[in-house]
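The next block holds one structure in the form of structure tokens; read it before the comments.
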Protein chains: 2
Amino acid sequence: MANASFNEIYQALKERILAGRYSVKMRLPIEDELIEEFHSSRYAVRKAIAQLAADGLVYSVKGRGVVLLEHTPQTQQFNLALNNLNGLQSLNAERHLDYRTDVVSFQRRIVDQALSAQTAFEVGIPVYAIQRVRVVDGVRAVLDINYFNAQRIPELTQEIAEQSIYRHFQKNGLKIAVVKRMLRVETATPLDYQLLALGTNNCVGNMISIAFNDQGRQIEYTESHFIPNEFNFNELIRN
Amino acid sequence: MANASFNEIYQALKERILAGRYSVKMRLPIEDELIEEFHSSRYAVRKAIAQLAADGLVYSVKGRGVVLLEHTPQTQQFNLALNNLNGLQSLNAERHLDYRTDVVSFQRRIVDQALSAQTAFEVGIPVYAIQRVRVVDGVRAVLDINYFNAQRIPELTQEIAEQSIYRHFQKNGLKIAVVKRMLRVETATPLDYQLLALGTNNCVGNMISIAFNDQGRQIEYTESHFIPNEFNFNELIRN
DNA sequence: GAGTGGTCTAGACCACGGT
DNA sequence: CCGTGGTCTAGACCACTCC
């Protein structure tokens, strides 16, 4: 492989790790060896290793080398669910076949004091306020409560809300740059009881998302209320 | 500032952003200007900007520049809680004055089939199995259920479990390198009812942590069950 | 002391955004 | 077309691990 770029090196190493090729020593080859093998620069090799570390596959120790992290079948399963995608579509990505969105409420309104305190939007600006229920395998699993800054997004209709709002954004050239997210467990509200399949549970998970466009402006405040026991959020912390 | 290192540049820029110095243009100076101002290299400047982006303060756009993200007082508050520390101590870091740990159970046992399936530890190895309740401001807020690989950690005693296990690790030269974490909302178990101040709630949050040492070996499986409404987990997603 | 990753310099060229 | 950040090269030196 001549002059492999960062991504080729990353993919190749990832494949080998998952295939167990480095399992004996539980170490990656040293940087100089990888540079030689891939006929690449130290920059590209280090970037590939950084990506493997971000995936939770390896850990670099100064003076010792790049160590492979144990991964039993169980910890592999542990890694399945994702939390770094855009809309709520990601919650059930590819896991479920049957999926439906019910638009419960679709309004345009002006941000008042109370809504401003909740959403961090300025008082007086127009927003779309949308409530939708996600029905997964026939179960009312997620209640999405969206507020979009109407001045900074392309026009929305109820029909679009029934499909994917994020896809609509993408088509119209609006790019979500950064999302700040907060996860909480909350006592269920009357609206949750009304719209979600809570069973005997009286709490919901609440994922609050604040999204920014590539101008740095907040365009969205969303609460996603989800039923217990069905959703996992994974995360990796490195020292 | 002559020959400022990455961290000095990062701190200086962060301070200025928070002080609103770049608020007019909502842009950072271009890389070449920063290189000149700090008499530093492009490497250091770019690394500092990368750190600012990881903090959710800025966003880089190729061809346009480094954009500041809006941060209203509310979104600032939104950023408060952390989720990237080690033990459960972090959950209430500096927010609460009164804090106590009750050790409910402290055992050594051998991993059997069922525990192996749950914790990803191999069948047959010895583990410490510890249950502790964290009492915050007089409220039984968190139930910690720990399993530590006894062969890979320094000896534990009930007295240590009453204090901080992680501090004990640190003192004895055991370094936690990586933690894989999963967040869920679950129906409360009988143990949760018994030990936590659930009030009328019948669910808990469950933070499952799998920790690895700097040899890449799993040393810990922990479930932290926490009561609703009191804890926030923050996260930043960038495109 | 030898080996290894971490930091840093000084450049070159490319890809994208806006005019 | 120009300005900007993204990728990449080819080195130097430092800090840490381990023998």
Side-chain angles (χ1 to χ4, degrees), chain A residues 1-11 13 22 25-54 57-69 170 172-175 177-178 213-217 238-239, chain B residues 1-13 22 25-54 57-69 170 173-175 177-178 213-217 238-239:
Chain A
M1 195 176 307
N3 270 336
S5 71
F6 138 71
N7 197 50
E8 295 170 83
I9 301 173
Y10 163 64
Q11 296 296 345
L13 291 178
Y22 299 127
K25 301 184 103 177
M26 291 299 278
R27 294 283 166 81
L28 238 51
I30 66 170
E31 291 183 350
D32 284 348
E33 284 179 45
L34 292 173
I35 291 169
E36 192 172 342
E37 175 186 348
F38 290 101
H39 299 285
S40 184
S41 67
R42 196 173 171 211
Y43 175 92
V45 166
R46 285 178 58 75
K47 201 170 158 188
I49 292 171
Q51 187 60 53
L52 294 170
L57 291 171
V58 303
Y59 181 73
S60 298
V61 185
K62 190 194 292 195
R64 189 189 303 149
V66 178
V67 177
L68 267 63
L69 292 189
Q170 213 169 359
N172 290 77
L174 171 58
K175 195 175 164 192
V178 174
N213 65 15
D214 65 5
Q215 311 276 346
R217 302 296 182 175
R238 291 174 291 155
N239 286 334
Chain B
M1 196 175 308
N3 269 336
S5 71
F6 138 70
N7 197 51
E8 294 171 83
I9 302 173
Y10 164 63
Q11 295 296 344
L13 290 178
Y22 299 127
K25 300 185 105 177
M26 291 298 279
R27 295 282 167 83
L28 239 49
I30 66 169
E31 291 183 350
D32 285 347
E33 285 179 47
L34 292 173
I35 291 169
E36 193 173 340
E37 176 186 348
F38 290 100
H39 298 285
S40 183
S41 69
R42 196 175 172 211
Y43 175 92
V45 166
R46 284 178 58 75
K47 201 170 158 187
I49 292 171
Q51 187 59 54
L52 293 169
L57 290 171
V58 304
Y59 181 73
S60 298
V61 186
K62 192 194 292 195
R64 190 191 303 149
V66 179
V67 177
L68 267 63
L69 292 189
Q170 213 167 358
L174 171 58
K175 195 175 163 193
V178 173
N213 64 14
D214 65 5
Q215 310 278 346
R217 300 296 182 175
R238 291 175 291 156
N239 286 336

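First the proteins, then the strands, lettered A, B, ... as listed; each starts at 1.
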Please tabulate, one pair per line, each protein N/O and nucleotide N/O from nucleotides 4-6 of chain C that are separated by under 3.5 Å, including the distance.
residue : atom : partner : partner atom : Å
C:dT4   : O2   : A:Gly63 : N            : 3.4
C:dG5   : OP2  : A:Glu31 : N            : 3.1
C:dG6   : OP2  : A:Arg46 : NH1          : 2.8
C:dG6   : OP2  : A:Arg46 : NH2          : 3.4
C:dG6   : N7   : A:Arg42 : NH2          : 2.7
C:dG6   : O6   : A:Arg42 : NH1          : 3.2

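- Atom C1' of nucleotide D:dT9 and atom CZ of A:Phe38 are separated by 18 Å, given to the nearest angstrom.
- Applying the salt bridge (Lys or Arg N to Asp or Glu O under 4.0 Å) rule to B:Arg27 yields no partners; only residues at least two apart in sequence or on another chain are considered.
- Remark: A:Asp32 engages no residue in a salt bridge (Lys or Arg N to Asp or Glu O under 4.0 Å) (not counting sequence neighbours).
- Within the 4.5 Å cutoff, no side-chain heavy atoms of B:Val67 are placed close to those of A:Asp214.
- For the pair A:Ile35 CD1 and C:dG3 C1', the interatomic distance rounds to 14 Å; values are reported in whole Å.
- Between the P atom of D:dT4 and the CD atom of B:Glu36 lies a distance of 13 Å, rounded to the nearest Å.
- In this structure, the CG atom of B:Leu34 is 16 Å from the P atom of C:dC8, given to the nearest Å.
- In this structure, A:His39 atom NE2 and D:dC8 atom P are separated by 17 Å, rounded to whole Å.
- Considering only residues two or more places apart in sequence or on other chains, B:Tyr22 meets the side chain to side chain contact (heavy atoms under 4.5 Å, CB included) condition with B:Leu13, B:Arg16, B:Ile17, B:Leu28, B:Pro29, B:Leu68.
- Residues forming a salt bridge (Lys or Arg N to Asp or Glu O under 4.0 Å) with A:Arg238 (at least two apart in sequence, or on another chain): none.
- With sequence neighbours left out, A:Arg217 forms a side chain to side chain contact (heavy atoms under 4.5 Å, CB included) with A:Arg152, A:Asn213, A:Gln215, B:Met26, B:Glu70.
- For the pair B:Glu8 CD and C:dT7 P, the interatomic distance rounds to 15 Å; values are reported in whole Å.
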